[in-house]
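For reference, the structure discussed in these notes is given below.
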2 protein chains.
Amino acid sequence: MKDSKQILSDHKVSVTNPRILVIEALLENNNPLTVDELQLKLKNKVAKSTLYRVLNDLKKINILNEFTNPENATVVELLLEDDSHHHHLFCSDCGEIIDIQMGDEFERTLSKEIKRLEKKFNFSIEDHRLELFGKCTDLCENCS
Amino acid sequence: MKDSKQILSDHKVSVTNPRILVIEALLENNNPLTVDELQLKLKNKVAKSTLYRVLNDLKKINILNEFTNPENATVVELLLEDDSHHHHLFCSDCGEIIDIQMGDEFERTLSKEIKRLEKKFNFSIEDHRLELFGKCTDLCENCS
DNA sequence: GAATAAATGAGAATTATTCTCATTTTTTAT
DNA sequence: ATAAAAAATGAGAATAATTCTCATTTATTC
């Protein structure tokens, strides 16, 4: 597993206990967590205000991705250098969020479309996000 | 312009003044509005609690699309029968949100990918959302 | 290791949204 | 058209998520 202290010093920010604990909690999970789930994992070890501050710190150094699930709860995940571009699949039954990669053909087609839209709307498009919504049919223990 | 009273009665819900005003405010704009912007447009005419209730009512009858902008503010737009499937483009300078349509080739490629992912994760995927982020370079009066 | 700078914890403040309930409006049935 | 019943509204209280404040603690620098 990656070294949380190393991650922090690589990004030239102070290495503190709350930051280490938050990064470790996020590293333990392969998939994104809601802030509530994260808070639970850290129970008592990091103050609520500190947790939010640390999340903002990690966003500032660009190693945290933040988005919302279909219930509008905030979801976070670590984004380390070697993670490649990915999207998310949400289960509306159990709330699970799965990281997905789209195939090359998809990303190529999307790039073409983005070029077209940039011209059409005179925009410079810098990023995109694709979210898929559905139900995990029998994969997960929460969904029957 | 569409008749807001008609829309409500077509969906078998009571035709009330706050609902009419909210629908009309949304009809006036082609692009989505944040709840704050909507509240401003309705200034004094609809109570805050009623506005939120009406938005929930419209969601229940499936004529309202709700999502969040990159600042996590709630954004809403009317979704009437003849509106076709579309996505959103966000300007990070002025906050404008533009409805966009993707070309057929894109949607075809996406469908193929979705089938692949359904098998891979044993999911039934029912919906998707694509969001593009960028800056409108000289289109808009707010962006220099 | 001392001085300086930065981060933390606890809880107050803020913001967005939902809830409560007495009153008003709309619908239904005559 | 009217009365009774049902549903929606307004005002503000309650709740939830997030940010802010500030005295204390912890990290960094030299």
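Small disclaimer: the values here were computed from a predicted structure and weren't measured. Below, chains carry the letters A, B, ... as their sequence lines are ordered, and counting in each starts from 1.
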Q.
Distance alone, cut at 3.5 Å: any donor-acceptor contact between the side chains of B/His86 and B/Glu77?
A. yes
Here the distance between atom P of C/dT18 and atom CG of A/Asn72, to the nearest Å, is 9 Å
What are the atom names and distances for every N/O pair under 3.5 Å that joins the protein to nucleotides 9-14 of chain D?
| residue | atom | partner | partner atom | Å |
| --- | --- | --- | --- | --- |
| D/dT9 | OP1 | B/Thr16 | OG1 | 2.7 |
| D/dG10 | OP2 | B/Ala47 | N | 3.4 |
| D/dG10 | OP2 | B/Thr50 | OG1 | 2.7 |
| D/dG10 | N7 | B/Arg53 | NH2 | 2.8 |
| D/dG10 | O6 | B/Arg53 | NH1 | 3.1 |
| D/dA11 | N7 | B/Ser49 | OG | 3.2 |
| D/dA11 | N6 | B/Ser49 | OG | 3.2 |
| D/dG12 | O6 | B/Ser49 | OG | 3.4 |

**Request:** Pick base, sugar-phosphate or nothing for B/Val15, based on heavy-atom distances below 4.0 Å to the nucleic acid.
**Result:** sugar-phosphate
When rounded to the nearest 0.5 Å, the distance separating CZ of B/Arg116 from CZ of B/Phe121 is 8.0 Å
Sorted by chain and residue number, the side chain to side chain donor-acceptor pair (under 3.5 Å) partners of B/Glu118 (sequence neighbours excluded) come out as none
Residues pairing under salt bridge (Lys or Arg N to Asp or Glu O under 4.0 Å) where one sits in residues 59-70 of chain A, two or more places apart or in two chains, turn out to be A/Lys59-A/Glu66
To the nearest angstrom, the NE2-P distance between B/His11 and C/dT26 comes to 20 Å
Rounded to whole Å, OH of B/Tyr52 lies from C1' of D/dA8 at a distance of 19 Å
Of C/dA6, C/dT27, C/dA16, the nucleotide closest to the side chain of A/Ser14 is C/dA6
Check your understanding: Do B/His87 and A/His128 get their side chains close enough for a donor-acceptor pair, meaning under 3.5 Å?
Key -> no
Between CG of A/Asn56 and P of D/dA17 the distance, given in whole Å, is 16 Å
Taken to the nearest whole Å, CG/A/Leu38 to C1'/D/dA17 is 14 Å
Atom CG of B/Leu21 and atom P of C/dT25 are separated, to the nearest Å, by 14 Å
Here the distance between atom P of C/dA16 and atom CG of B/Leu33, to the nearest Å, is 16 Å
Rounding to 0.5 Å, atoms OH (A/Tyr52) and CG (A/Asp57) come to a distance of 14.5 Å
Separation of C/dA16 atom C1' from B/Glu66 atom CD, nearest Å, is 12 Å
